[in-house]
Amino acid sequence: MAAPTFVEQRRKQMRLFSWAGAAVFGGTLIALNIIFSYLPIRIDSSDGQAYSLSNGTKTVLKRLDDTLLVKIIYSSQLPPLYKQNQQYLSDLLVEYRRASHGRVRIEYFDPSVSPEAKQQAIMAGVVPVQMDVRERDRREVKECFMGLSLMYAGHKEAIPLIEDTQGLEYEITSRIKRLIDPTMPAVGFVSAGEGLTLESAGLQNVKDPIGRLYDVKSVDLKGPIPDSVKALWLVGPSKELPADAVQKLDDWVKKGGTLGLLLDRRDVRVETFTTTPLKTGLEPLLQEWGIAFPDGEIFDPQCDRIQIRSTQGSFQMINIVDYPYFPWVTELNRQNPATKGVDGFSMPFASSLEIDKEKPGLTYTALARTSPASWLDLEPGVVSPLQRKERSPKGEKGPFNVAMTVEGKFDPAQAKPGKVILFSSSRFIRAEFPPRPQNYTMFLNMLDWSAQDEVLLSIRSKNVGHHPLKNVDDSVRLLVKYAMIFLLPLATLAAGFWVWRVASHRRAFLPLRYQDA
């Protein structure tokens with residue numbers, strides 16, 4: 001048998017080195033994964049740190065004095081999308097167990113194994129849903145379970161149905177917090193001036209999340225404000241408040257209370273897109289606090305979008321258009337714990353909050369401002385989305401404050417400082433306007449902050465994002481469009497040609513290299 005040539009020896013040697021290097025690299029990765037699985041070190045590169053726990057959750061878990069049993073109640077036969085949700089839930093709960101140092105115990109329960117198991121799942125608070133399931137090459141409707149049960153110190157909480165993973169950490173942690181401390185702080189919603197309460201249809205989207213965390217009281221201001229109330233909120237009054245009601249709000253703040261105000265400067269009829277001035281009776285009180293609330297609506301090119309229904313002959317069409325009277329607010333105070341985690345939110349028909357004259361002893365802090373391109377429409381009688389409006393010479397240019405706080409001693413004779421939270425529109429949380437998760441997050445964060453419960457702030461804001469593209473000129477848009485159409489294919493062809501030329505040169509020099517050897 002002929003001895004291998006020099007070229008064959010080199011090729012064999014190169015293959016050996018390549019396989020040995022690949023084996024060493026793979027073995028190193030496996031060893032590192034095994035080692036780091038036992039160490040509390042994680043690198044989460046997901047958007048919004050979806051696989052990491054917030055500081056608020058870790059704070060709640062430190063308060064566990066006993067074992068918390070968490071049952072993942074999922075049916076075995078589920079569509080792939082919901083299987084992914086189950087896997088995410090399992091991964092997230094592993095982080096709960098790790099952060100609790102073993103206080104959290106996880107169990108998996110399949111209700112589809114027997115009728116008794118199904119009954120146990122229902123008793124645990126998880127509800128079945130009808131779902132299309134493909135099994136054995138056929139499609140059928142089955143009852144499926146996708147929920148979570150938590151048990152701690154003889155008490156029980158449940159998430160009846162987990163349809164998606166958005167806000168899942170908040171849902172779990174808020175229930176754990178309630179299991180640890182069942183007592184709920186009290187917040188009041190003022191009904192004077194036809195202010196909205198949680199029984200009003202306009203606040204139906206925030207009724208459940210508020211009711212799970214707070215003891216909600218309706219306050220009509222005809223009698224005394226209950227002593228148990230930690231924060232008082234007046235949302236969207238549509239009539240002028242009586243003078244004695246305004247005085248009670250003033251006294252509440254002077255005694256060191258927290259007052260949240262969501263006020264509208266104009267009454268808006270969405271059916272006809274017309275507005276009329278609105279008086280709440282709070283204007284003198286705001287002026288006393290150094291706040292001006294001038295008439296007008298903010299017009300902002302950085303805005304939310306709405307659906308417009310139009311009829312053409314016998315056809316009805318729905319168009320989605322930008323609506324500048326719905327500013328999309330992204331300039332938020334990153335120092336306040338309630339707003340630092342919110343990317344942005346929509347403020348339908350907002351007006352401007354201005355500091356008229358600062359009062360001694362009070363601190364004024366802007367929480368949210370519109371974009372520099374915004375301006376104040378001083379004649380917003382008609383606010384149709386199909387009508388183009390140009391800025392009036394008298395119209396003040398933005399940015400404008402649409403949310404702010406005033407803190408300090410409103411009465412120098414009182415020792416305890418008060419706090420006022422102001423929003424220049426109530427419509428950003430009302431059900432009759434487009435629902436935006438960021439809007440509800442913003443309001444609920446401020447509600448927590450007003451009741452001095454800051455643990456859940458960072459959790460609720462997590463994974464709630466809206467990242468609109470920056471407005472650019474048509475010429476730039478066309479340039480980007482054609483660059484994406486032609487530049488990328490040309491760049492791919494150029495890269496392929498370059499690789500081919502390099503390979504051709506290498507092949508051309510190989511005979512000379514081995515000939516010299």
Side-chain angles (χ1 to χ4, degrees), residues 1-55 57-58 61-62 70 72 74 76-108 110 164-166 168-169 172 458 462-463 465 467 483-484 487-517:
M1 184 176 179
T5 64
F6 174 78
V7 173
E8 291 174 340
Q9 290 179 353
R10 287 294 299 272
R11 286 178 177 172
K12 183 178 180 181
Q13 196 175 42
M14 290 175 65
R15 283 197 298 269
L16 180 62
F17 286 159
S18 298
W19 283 107
V24 170
F25 180 73
T28 303
L29 284 180
I30 294 173
L32 288 175
N33 272 282
I34 294 174
I35 293 171
F36 281 111
S37 65
Y38 292 97
L39 297 176
I41 300 174
R42 293 291 183 271
I43 299 176
D44 187 357
S45 59
S46 60
D47 185 21
Q49 301 289 294
Y51 291 89
S52 299
L53 298 183
S54 305
N55 291 330
T57 294
K58 295 176 182 177
L61 293 175
K62 288 178 181 178
V70 182
I72 302 176
Y74 264 70
S76 56
Q77 298 294 330
L78 287 174
L81 173 62
Y82 298 104
K83 280 287 187 183
Q84 293 178 6
N85 292 348
Q86 182 183 6
Q87 184 60 51
Y88 172 78
L89 174 62
S90 301
D91 293 341
L92 186 63
L93 288 174
V94 168
E95 295 301 316
Y96 273 81
R97 182 174 59 192
R98 192 185 308 277
S100 69
H101 302 289
R103 294 281 188 184
V104 174
R105 184 158 63 90
I106 305 171
E107 290 184 2
Y108 296 87
D110 183 5
D164 57 57
T165 59
Q166 183 72 39
L168 186 56
E169 182 187 347
I172 296 173
S458 61
K462 191 175 177 182
N463 297 329
H467 309 285
M484 296 295 291
L487 187 59
L488 289 179
L490 291 175
T492 304
L493 289 174
F497 180 75
W498 179 80
V499 171
W500 174 77
R501 289 288 296 171
V502 170
S504 299
H505 280 288
R506 189 177 72 249
R507 286 195 298 269
F509 281 101
L510 275 177
L512 297 177
R513 177 180 176 185
Y514 289 117
Q515 185 176 2
D516 293 340

- [ ] Report yes if some heavy atom in the side chain of I172 is under 4.5 Å from a heavy atom in the side chain of T57; otherwise report no.
- [x] no
Open item on the list: Tell me if a side-chain donor or acceptor on E169 pairs with a main-chain N or O of S54 at a distance below 3.5 Å.
Closed with: yes
Open item on the list: Please report the interatomic distance CG(L168) to CG(L92), rounded to the nearest 0.5 Å.
Closed with: 6.0 Å
- [ ] Drop me the distance from K62's NZ to H101's NE2, to the nearest 0.5 angstrom.
- [x] 7.5 Å
TODO: Can you measure from OH (Y82) to OG1 (T165) and round to the nearest 0.5 angstrom?
DONE: 12.0 Å
TODO: Identify, with sequence neighbours excluded, every residue that meets salt bridge (Lys or Arg N to Asp or Glu O under 4.0 Å) alongside R97.
DONE: none
TODO: For K83, enumerate each residue passing the side chain to side chain contact (heavy atoms under 4.5 Å, CB included) test, keeping only those at least two apart in sequence or located in another chain.
DONE: L78, Q86
- [ ] Taking side chain to side chain contact (heavy atoms under 4.5 Å, CB included) as the test, write out the residues that go with Q84, two or more places apart.
- [x] L81
Open item on the list: Checking Y96 now: which residues fulfil side-chain hydrogen bond (donor to acceptor under 3.5 Å, both in side chains) with it, not counting sequence neighbours?
Closed with: T173
- [ ] Taking the side chain as every heavy atom from C-beta outward, state whether I106 and I72 have any pair of such atoms under 4.5 Å apart.
- [x] yes
- [ ] Please round to the nearest 0.5 Å and tell me the distance separating atom CG of L487 and atom OG1 of T492.
- [x] 9.0 Å
Task: Which atom of L53 lies closest to which atom of A99, heavy atoms considered - done: CD1-CB, 3.8 Å
Open item on the list: Applying side chain to side chain contact (heavy atoms under 4.5 Å, CB included), can you list everything that pairs with F497, at least two apart in sequence or on another chain?
Closed with: W500, R501
